[in-house]
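Below you'll find the structure, written out as structure tokens, and then a few comments.
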Amino acid sequence: MGKRKPPALFYQKVYAVVRQIPAGRVTSYGRVADMIGHPGAARQVGYAMSALKNRADDPEYQDVPWQRVVGHNGNIVIKGGEHGRLYQAELLCEEGVHVGIDLTVDMGKYLWEGLLPHEAHSLLEGLG
DNA sequence: ATGTTGACGGTTG
DNA sequence: TCAACCGCCAACA
């Protein structure tokens, strides 16, 4: 009884980095792309986040704090209508991240510094 | 192999 | 300031 096919390597790298974001902080899709060595692949990071909803029943991926990834200006850009965006705002609020009425996070205040290059390297080697 | 799809981000008018 | 456009590139049908 096989388990479901694992995500592609690119997605696994995205999830590994997102899991490093501390509660109470956020980062952007583009910064995650930079950290996994794919600068410019911000859209694909968003794609990886979207794919998580197809694995809602897989415990392996339930600990990925997707809500801590926002647009580069701090704006919540999740699709699925206001319901989805308000849900992300609610999750962030529970972690102590203030979300403005315009569904934007103050990046100057909550931005995660991110991984240093050697930290990203040691985190990602051994995947796939 | 090829075309379509996207939870982005930078540029343009 | 803001909407529309477009380049980006991995995953998937």
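Model, not experiment: these values are computed from the prediction.
In this structure A:Asp102 satisfies the side-chain hydrogen bond (donor to acceptor under 3.5 Å, both in side chains) test with no other residue, sequence neighbours excluded.
Counting heavy atoms from C-beta outward, A:Val26 and A:Val69 have side chains that stay 4.5 Å or more apart. Residues A:Tyr110 and A:His98 form a side-chain contact, since some pair of their non-hydrogen atoms from C-beta on lies under 4.5 Å apart. Using a 4.5 Å heavy-atom cutoff, the side chains of A:Tyr29 and A:Met49 are in contact.
In this entry the distance linking CG of A:Leu91 with C1' of B:dA7 reads 14 Å, nearest Å. Across the protein-nucleic acid pair, A:Asn73 atom CG and B:dA7 atom P stand 19 Å apart, rounded to whole Å. In this structure, A:Gln44 places its CD atom 10 Å from C1' of B:dT5, rounding to the nearest Å. In this structure, CE of A:Met49 is placed 12 Å from P of B:dA7, rounded to the nearest angstrom. The OH atom of A:Tyr29 sits 17 Å away from the C1' atom of C:dC9 (whole-angstrom rounding). Put simply, CD1 on A:Ile21 is 13 Å from C1' on B:dA7, counting in whole angstrom units. Going from atom CG of A:Leu52 over to atom P of C:dA10 covers 19 Å, rounded to whole Å. For A:His38 and B:dG9, the NE2 to C1' distance is 18 Å, given to the nearest whole Å.
Proximity of A:Ser28 to the phosphate of B:dC8: no side-chain N or O atom is located under 4.0 Å from OP1 or OP2. Within the structure, a side-chain polar atom (N or O) of A:His72 is placed less than 4.0 Å from OP1 or OP2 of B:dG10.
No N or O donor and acceptor, one from the side chain of A:Tyr47 and one from the base of C:dA10, sit under 3.5 Å apart. Contact of A:Arg43 with B:dG9 (side chain to base): no donor-acceptor pair of N or O atoms is detected under 3.5 Å.
Checking A:Gln20 against A:Glu119 by side-chain atom types alone, no donor-acceptor pair falls below 3.5 Å.
Counting non-hydrogen atoms under 4.0 angstrom, A:Phe10 reaches the backbone sugars and phosphates but no base.
One finds the CD1 atom of A:Ile21 at 6.5 Å from the CE atom of A:Met35 (value rounded to the nearest 0.5 Å). Atoms CE and CG, from A:Met107 and A:Asn75 in turn, are 8.5 Å apart once rounded to the nearest 0.5 Å.
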Nucleotide pairing, DNA chain B (Watson-Crick or G-U, distances under 3.5 Å), in dot-bracket with [ ] and |: .|||||.||||||
